[in-house]
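These notes are about the structure you will find just below.
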There are 2 protein chains.
Amino acid sequence: MLDMENERFIRISKALGDDTRLRIVQFLSNCCCGCGTGEDESELNACLCVSESPVPSTGASSRLSHPTAGEVCCQINGNPKISSTVSHHLHELEGAELITLQKQGKSVCCALNRGTLQDMASQLLQLANEDQSSCCQSSNRQKSACC
Amino acid sequence: MLDMENERFIRISKALGDDTRLRIVQFLSNCCCGCGTGEDESELNACLCVSESPVPSTGASSRLSHPTAGEVCCQINGNPKISSTVSHHLHELEGAELITLQKQGKSVCCALNRGTLQDMASQLLQLANEDQSSCCQSSNRQKSACC
DNA sequence: CATTCATTTCGTGTTTTATCGAAATGTGTG
DNA sequence: CACACATTTCGATAAAACACGAAATGAATG
């Protein structure tokens, strides 16, 4: 296991080791607006997840490509406005690079960072399939009196 | 994501989200004696990880197929005898099904449960590649006034 | 410029987790 | 049976994580 630092691995594991945060990741994972750029109107129009806020100058609706923090919060605990707790969890997930947060107007858009999940999966597979033939001669073994 | 319960996913994530426990898993992962049954003498004889305790009746050495808790502890913190802290971590990992502990005489043998790591990896890949087209109609969306 | 709205920051109480040493358990040995 | 040994259990302590409400920030609106 060379690539990912333990510190990062632990940060991600901790982030995923909380019920609220896991549910946030799950919601963002199967949310159809979690990956669009907001430019392809046709797919966005069919999606209930997008935020809809009227633009007064044109009278048209502006649509965001990702669910807002408030919408995520609503999905998680039914709270109509974002709680400080969910806000905190979102930033925790952002710190672990599991999601990205982007300010759009007075809202914050949340998007899943699928690459981090893939990295994590490959680290786990590496741990599962680690070459077992090298441990005894290897230098990564701690030299101690006891073993 | 149907298969693994959130509770189990969280248990495993928490177990991997601690530096000491991660190092235990890493050690067991690339330990060459982490998978043998102890019956194939030829491969075990070359391995420094095996426990060697003289059997007085025959005068020969008995070899265990896995590192003992004490040996794991030694690798982790250089402590010649197992600490209560490492013992606790081992049982935490056992609870998450990441390792198995088996009593052999007065020692406990520790073996990595590679299947759990693989399961976890596939869960993460599933999260990463979740179908995004079904969220808006799907029933797994919470119905709330706010969204 | 005052107001509303979405979000964050802050202060605090509560729970969980990690760590340590001492005592207890249990297994094999002389 | 007494003893040594590996490990676990227990009790205490300290640190980290979670949760909550109130106040603060900052952007859009009237």
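Within every chain, numbering begins at 1; the chains are lettered A, B, ... in the order of the sequence lines, protein sequences first and strands thereafter. No experiment lies behind these values; they were computed from the predicted model shown.
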Would you say Gln26(B) and Asn6(A) are linked by a side-chain donor-acceptor pair, where the criterion is simply a distance under 3.5 Å?
yes
Arg8(A) and Glu97(A): CA distance, side-chain angles, deciding distance, salt bridge (Lys or Arg N to Asp or Glu O under 4.0 Å) verdict
CA-CA 9 Å; Arg8(A) 176 160 148 73; Glu97(A) 298 175 275; 2.7 Å; yes
Lys106(A) side chain: which of dC18(D), dG21(D), dG26(D) is closest?
dG26(D)
Using atom CG of Leu101(B) as one end and atom P of dT7(D) as the other, report the distance to the nearest whole Å.
10 Å
Give the rounded distance in Å between these two atoms: CG of Asp18(A) and C1' of dT17(C).
14 Å
Taking for each residue the nucleotide of DNA chain D bearing the nearest heavy atom, is the 5' side occupied by Lys103(A) or by Ile82(B)?
Ile82(B)
Between C1' on dC20(C) and NZ on Lys81(B), what's the gap in Å once rounded to a whole number?
15 Å
Between dA18(C), dT7(D), dT7(C), spot the one nearest the side chain of Thr68(A), thanks.
dT7(C)
Whole Å only: how far is the NE2 atom of His91(B) from the C1' atom of dA18(C)?
16 Å
Rounding to an integer number of Å, can you tell me how far Glu71(B) CD sits from dC5(D) C1'?
14 Å
Presence of Ser87(B) side-chain N/O under 4.0 Å of dT8(D) phosphate oxygens OP1/OP2:
yes
Testing dT7(C), dA18(C), dG26(D) for proximity to the side chain of His88(B), the answer is dA18(C)
Starting at CD of Gln104(A) and ending at C1' of dA6(C), how long is that distance when rounded to a whole Å?
13 Å
Which nucleotide sits closest to the side chain of Ser107(A): dT4(C), dT7(C), dA18(C)?
dT7(C)
Identify which nucleotide among dA22(D), dT7(C), dT19(C) has an atom closest to any side-chain atom of Ser84(A), counting heavy atoms from C-beta outward.
dA22(D)
Between Ser29(A) and Leu127(B), is there a donor-acceptor pair closer than 3.5 Å when you use the side chain of the first and the backbone of the second?
yes
Provide, to the nearest angstrom, the distance between the CD atom belonging to Gln102(A) and the P atom belonging to dA27(D).
15 Å
Whole angstroms only, please: what is the NZ-P distance between Lys14(A) and dC18(D)?
9 Å
Can you tell me if the side-chain N/O atoms of Thr85(B) get under 4.0 Å from OP1 or OP2 in dC20(C)?
yes
Do Thr85(B) and Thr20(B) make a side-chain contact, defined as non-hydrogen atoms from C-beta onward lying under 4.5 Å apart?
no
Is the closest side-chain heavy-atom distance between Leu125(B) and Gln118(A) below 4.5 Å?
yes
